[in-house]
Amino acid sequence: MTDSEEHHFESKADAGASKTYPQQAGTVRKNGYIVIKGRACKVVEVSTSKTGKHGHAKCHFVGIDIFNGKKYDDIVPSSHNCDIPHVNRTDYQLIDISEDGFVSLLTENGNTKDDLKLPTDENLLAQIKAGFEEGKDLVVTVMSAMGEEQICALKDIGPK
């Protein structure tokens, strides 16, 4: 291989970061996060069964999808690893709401983020629309995990 040969790599925006990390099933606790059936879920119930004659202790997880609110459950041997999603919460200032249901948000470094839809939660949706129409300065909290993002909370920082 000579110095004159060039290598070209496909560049990815996420720098190859993993969407999940492994954690032993026996150490996952209530109010933590877990991946059940390919969805990022918040754990609402954990129960552990005793070992059988030859087997492992089993952990039964009940989780609620953090994006659509559906209930999922899974049973995993407590000594095995299960996937835990990287869940991030970021605050953005709301700039605009478009006609087609997308929001325009201001990031910390001054750029705009225009690829998020309004939340599906009726209560939160009504609060965001009402606050925006009144001309309040609103800060929305965006939760992201496993390549999905959704507005999950709202803060009013006063009138403009």
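Residue numbers count from 1 along this sequence. Computed from heavy atoms alone, side chains included, the values below leave out hydrogens, waters and symmetry copies.
Under the 4.5 Å side-chain criterion, counting only non-hydrogen atoms from C-beta, Lys58 is not in contact with Thr48. Put simply, the side chain of Arg89 reaches to within 4.5 Å of the side chain of Cys152, judged on heavy atoms. In this structure, Lys42 and Val87 have side chains that are not in contact, with every pair of non-hydrogen atoms separated by 4.5 Å or more. Contact annotation: the side chain of Lys19 never approaches that of Val35 to less than 4.5 Å [non-hydrogen atoms, C-beta and beyond]. In this structure the side chain of Gln150 never reaches within 4.5 angstrom of the side chain of Met143, judged on heavy atoms.
Shortest non-hydrogen contact noted between Asp114 and Ser104 is OD1-OG, 2.7 Å. In terms of heavy atoms, Leu124 sits closest to Ala153 at CD2-N, 4.0 Å. Between Ala145 and Pro85, the closest heavy-atom pair is CB-CB, 4.5 Å.
Partner of Leu105 under the side chain to side chain contact (heavy atoms under 4.5 Å, CB included) criterion, out of Leu138, Leu116, Asp96: Leu116 alone. A side chain to side chain contact (heavy atoms under 4.5 Å, CB included) with Leu94 is found for one member of Ile128, Leu154, Val139 and no other, namely Ile128.
Ile36 forms part of a hydrophobic cluster together with Tyr21, Val28, Ile34, Val43, Val46, Phe61, Tyr72, Val76, Ile84, judged by ILVMFWY side-chain heavy-atom separations under 4.5 Å.
Within a 6.0 Å sphere centred on NZ of Lys71, other residues, nucleotides and ligands contribute 12 heavy atoms or fewer.
At least one donor-acceptor pair closer than 3.5 Å links the side chain of Ser78 to the backbone N or O of Ala57. Using modelled atom types, one side-chain atom of Lys37 and one backbone atom of Asp73 make a donor-acceptor pair closer than 3.5 Å.
One distance of note links CD1 of Ile95 with OG1 of Thr107; it measures 8.5 Å at 0.5 Å rounding. Interatomic distance, Thr20 OG1 to Met146 CE, rounded to the nearest 0.5 Å: 6.5 Å. Atom CD of residue Glu108 and atom OG1 of residue Thr90 lie 8.0 Å apart, to the nearest 0.5 angstrom. Taking OH from Tyr92 and CG from Asn111, the interatomic distance works out to 10.5 Å, rounded to the nearest 0.5 Å. In this structure, NZ on Lys117 lies 12.0 Å from CD1 on Ile151, to the nearest 0.5 angstrom. Here the straight-line distance linking atom SG of Cys41 with atom CG of Asp65 works out to 5.0 Å at 0.5 Å rounding.
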